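First comes the structure, then the notes that go with it.
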Amino acid sequence: MCHVIVTCRSMLWTLLSIVVAFAELIAFMSPNWLLGYPRSSESGEGVDSGEYRPSLGLYSRCLRVGSRGIGVSCGPYAGTFGEVASGFWQGAMLFLAAGMLVLGGVACISIFSLCFQSILKKSIFNICGLLQAIGGLLLMVGLMLYPAGWGSEKVMDYCGSEALPFRPAECSLGWAFYTAIGGTLGSFLCAVLSAQAEIATSSDKVQEEIEEGKSLICLL
């Protein structure tokens with residue numbers, strides 16, 4: 001019989017698992033990892049209309065286009081995986097993608113944890129917590145590889161010729177990089193919360209309500 005068990009700690013873990021997975025996905029796809037040095041558009045009519053900062057992501061970029069530099073064109077600069085700016089970024093993409101895949105799978109499983117609390121007699125929360133820790137480690141490796149690729153020619157075009165590994169020169173970090181860091185930290189937090197969710201859903205109060213024949217159990 002399926003018992004739907006909802007507690008504050010298990011619900012918090014489920015929601016945070018979903019948020020972390022989506023945050024990493026959005027960051028991965030965003031072109032706002034690096035913000036290039038200020039440039040002037042062809043019109044050169046002042047800061048508001050003629051100056052802008054292009055952005056560069058792992059495989060995409062945003063540039064202003066048009067005679068007055070008003071329109072923004074965003075899209076992939078790399079048509080194939082081999083055209084990614086550097087080997088370090090290729091490695092970063094692989095580790096980040098692997099971490100996202102793990103976290104995405106856990107996010108899906110976390111929804112079903114409301115009804116099924118074990119898999120092959122193993123706690124679903126403990127299994128998912130372990131996977132989230134592994135996913136966090138994969139993301140961490142990817143984030144460490146990313147700044148090692150700042151010395152590539154592509155980054156120099158956006159950040160200046162003085163760009164070096166771990167030194168972005170005239171570039172500044174965009175929100176996508178910080179979002180990826182936040183998602184990585186969130187994955188480790190989820191791993192910790194999974195243990196609390198396990199404790200909450202297997203407490204004596206829950207067992208008492210199961211014995212009373214309740215199929216929907218909600219506890220604070």
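The structure presented is a predicted model; accordingly, all values stated were derived computationally and were not measured.
For Ala176 against Ala27, the heavy-atom pair with the smallest separation is O-CB, 3.4 Å. Taking both residues in full, the closest heavy atoms of Ser30 and Trp175 are given as OG-CZ2, 3.3 Å, listed atom of the first, atom of the second, then distance. When all heavy atoms of Gly149 and Val155 are compared, the pair lying nearest together is O-CG2, 3.7 Å. Smallest separation of non-hydrogen atoms from Trp89 and Gly57: CZ3-O, 3.2 Å. When every heavy atom of Met156 is checked against every heavy atom of Gly151, the shortest pair comes out as CE-O, 3.3 Å. The minimum heavy-atom distance between Ser123 and Glu198, with the atom names listed, is OG-OE1, 2.6 Å.
Put simply, Leu101 and Leu103 are part of two different groups of oily side chains (I, L, V, M, F, W, Y) that touch within less than 4.5 Å, one to the next. Neither Leu16 nor Ile111 shares a network with the other; the hydrophobic side chains, linked directly or stepwise wherever heavy atoms of I, L, V, M, F, W or Y lie under 4.5 Å apart, form separate groups for each. Val19 and Ile109 fall into different hydrophobic clusters, where Ile, Leu, Val, Met, Phe, Trp and Tyr side chains are chained together by heavy-atom contacts under 4.5 Å. Both Met29 and Tyr77 are members of a single hydrophobic cluster when ILVMFWY side chains are connected at heavy-atom separations under 4.5 Å. A continuous path of ILVMFWY side-chain contacts below 4.5 Å connects Leu137 to Met144, so both sit in one hydrophobic cluster.
Environment of CZ in Phe88: sparse, with no more than 12 heavy atoms of neighbouring residues, nucleotides or ligands closer than 6.0 Å. Heavy-atom contacts from other residues, nucleotides or ligands closer than 6.0 Å to CZ of Phe166 number more than 12. Applying the 6.0 Å contact sphere to OH of Tyr37 captures more than 12 heavy atoms from other residues, nucleotides or ligands.
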After noting the C-alpha distance and the side-chain angles of Cys128 and Ser194, does the key distance pass the side-chain contact (heavy atoms from CB on, under 4.5 Å) rule? CA-CA 7 Å; Cys128 288; Ser194 66; 5.6 Å; no

From CA spacing to verdict: side-chain contact (heavy atoms from CB on, under 4.5 Å), Leu143, Phe177: CA-CA 8 Å; Leu143 290 175; Phe177 180 76; 4.1 Å; yes

Can you check side-chain contact (heavy atoms from CB on, under 4.5 Å) on Arg167 and Trp150, steps first, answer last? CA-CA 7 Å; Arg167 181 184 174 186; Trp150 288 348; 5.5 Å; no

So Ser172 and Arg53, side-chain contact (heavy atoms from CB on, under 4.5 Å) or not? Walk me through it. CA-CA 10 Å; Ser172 59; Arg53 298 188 70 180; 3.1 Å; yes

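A distance of 12.5 Å separates OG of Ser10 from CD1 of Ile199, quoted to the nearest 0.5 Å. Here the CH2 atom belonging to Trp13 is positioned 5.0 Å from the OG atom belonging to Ser110, to the nearest 0.5 angstrom. The CH2 atom of Trp33 sits 10.5 Å away from atom OG of Ser60, with the distance rounded to the nearest 0.5 Å. Asn32 contributes atom CG, which lies 7.5 Å from atom SG of Cys74 (distance to the nearest 0.5 angstrom). The line from SG of Cys190 to CG of Leu15 is 10.0 Å long, rounded to the nearest 0.5 Å. Here CE of Met140 is found 4.0 Å from CZ of Phe188. Values are rounded to the nearest 0.5 Å.
Counting only distance, with no hydrogens or angles, the side chain of Glu24 and the backbone of Leu96 share no donor-acceptor pair below 3.5 Å.
Within the 4.5 Å cutoff, no side-chain heavy atoms of Ser86 are placed close to those of Glu153. Side-chain contact between Ser113 and Thr14: present, with at least one pair of heavy atoms (C-beta onward) separated by less than 4.5 Å. In this structure, the side chains of Glu170 and Glu162 stay at 4.5 Å or more apart for every pair of heavy atoms. In this structure the side chain of Leu193 reaches within 4.5 angstrom of the side chain of Leu12, judged on heavy atoms.
Using a 30° and 60° split on the angle between ring planes, Tyr59 and Phe28 fall in the tilted class, from 30° to 60°.
Of the candidates Leu63, Asp157, Leu34, Leu35, Pro54 forms a side-chain contact (heavy atoms from CB on, under 4.5 Å) with just one, namely Leu63.
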